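What follows is a short report on a single structure.
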Amino acid sequence: MRDQMTIETILPTPDIFSAKRILCVQPHYDDNDIAAAGVLTRLQQNVAELFYLTVTDDLMGVVDDTLSDEDAAQALKRDQLAAGKIVGVKEQYWLGYPDAGEYDYFAVRRDLLKYIRMIQPDFVFTADPWLTYEGHRDHIQTGLATSEAVMFAGLAKIASSDPTVDSAYKGHDISGIVFYYTREPNYIADISSTWEAKISAIRCYEAQFDQAGMDELVMTLDMKAQQVAGGESFKRGEPLKVLHTSALHCGF
Ligand SMILES: [Zn+2]
């Protein structure tokens, strides 16, 4: 972990390599992998089970606009499952809210409470909702709803979208929340050993990128991965904000 003099929390930064069950909540089909497939592959190799949950249907990003919504949805799932095989994702879940559309924040939060209570992860990954200059509302809503669901999972009075899950839930510990797409990382994960796997996973997302777009994405990811590893002992990294779950409220 990076030692920070101006650390913004007095709570210990959890060790992500202690993770056994990780829930990764993403706004769109490819965000977990674009942002964190390198570290997630490493964590999976290190015994963690990976569960991916996608909040929106992602239909706006499909490049072939002659496809019906049904065919486009199938293409996205096909790509995601292929990428998931490379990263080692155990299970995928989809909420299907309209991509870049109008949907209720609290409905998303109720669904996330359901999946957190059901899967009982010890770490939760998601997009940093406080990323400055993030213009995509799906990213902000997903990150915030996930943060709240992590904080509120143990509060029985806050209902999820599934009463059966709620009544079976006895509580569990969540060691940490990990934000990707962050401008304030406190940990740079060494992804040198999983870089090739990450790029193979990214290249599965054919429905969302044409060849030129894909090449550009890979080049951008490579430059960014090398930039964030500047000053580290390794060549490529992924920047993360790793927080104790109690650090999600009032700045402690
Ligand atoms: Zn996205």
Side-chain angles (χ1 to χ4, degrees), residues 22-41 50-65 67 69 72-84 86-87 89 92-105 107-109 111-112 115 124-150 177-185 198-199 201-210 213-225 228 238-241:
I22 304 174
L23 173 63
C24 306
V25 183
Q26 58 184 350
H28 306 110
Y29 277 58
D30 51 1
D31 288 309
N32 287 337
D33 289 337
I34 287 175
V39 68
L40 290 170
T41 303
L50 301 179
F51 301 85
Y52 276 19
L53 186 151
T54 307
V55 170
T56 75
D57 60 21
D58 215 354
L59 290 176
M60 299 303 121
V62 173
V63 285
D64 181 356
D65 52 21
L67 289 180
D69 281 357
Q74 263 187 10
L76 288 166
K77 281 190 181 160
R78 175 204 65 206
D79 294 353
Q80 192 182 23
L81 292 171
I86 296 168
V87 176
V89 179
Q92 306 262 7
Y93 303 95
W94 299 274
L95 298 184
Y97 287 92
D99 184 15
E102 297 179 31
Y103 54 88
D104 182 51
Y105 170 81
V108 176
R109 198 183 76 178
D111 282 339
L112 294 177
Y115 282 95
V124 177
F125 278 58
T126 193
D128 185 345
W130 301 284
L131 171 69
T132 46
Y133 313 110
E134 173 55 69
H136 205 313
R137 194 177 174 86
D138 289 341
H139 281 228
I140 299 165
Q141 296 223 113
T142 296
L144 190 57
T146 304
S147 304
E148 284 207 309
V150 163
I177 184 160
V178 183
F179 296 108
Y180 54 70
Y181 294 150
T182 185
R183 264 189 234 290
E184 295 186 52
K198 170 170 181 161
I199 294 309
I202 300 292
R203 287 198 180 277
C204 294
Y205 291 101
E206 294 174 354
Q208 295 175 91
F209 298 94
D210 58 20
M214 179 58 79
D215 290 344
E216 200 181 309
L217 172 66
V218 169
M219 201 176 74
T220 306
L221 287 175
D222 194 11
M223 281 165 55
K224 187 76 187 169
V228 299
E238 282 168 348
L240 302 171
K241 181 72 150 194

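The structure presented is a predicted model; accordingly, all values stated were derived computationally and were not measured. Just so you know, ligand 1 is whichever comes first in the structure, and atom 1 is the first atom listed for that ligand. Hydrogens, waters and symmetry mates play no part in the numbers below; they use all other heavy atoms, side chains included.
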Would Q80 and W94 count as having a side-chain donor-acceptor pair, cut-off 3.5 Å? yes
Just checking, any donor-acceptor pair under 3.5 angstrom between side chains of D138 and Y97? no
Using the six-membered ring wherever Trp is involved, compare the ring planes of Y93 and Y115 and label them parallel, tilted or perpendicular (cut-offs 30° and 60°). tilted
Flag the pair D57 and K77 as a salt bridge only when some basic side-chain nitrogen lies within less than 4.0 angstrom of an acidic carboxylate oxygen. no
Distance filter under 2.8 Å, centred on the Zn ion (ligand 1) - protein N, O or S atoms that pass it: H28 ND1, D31 OD1, D31 OD2, H139 NE2
By the definition side-chain hydrogen bond (donor to acceptor under 3.5 Å, both in side chains), identify the one residue from D33, D79, D58, D30 that meets it with Y205. D33
Sorted by chain and number, sequence neighbours left out, side chain to side chain contact (heavy atoms under 4.5 Å, CB included) with A73 holds for L59
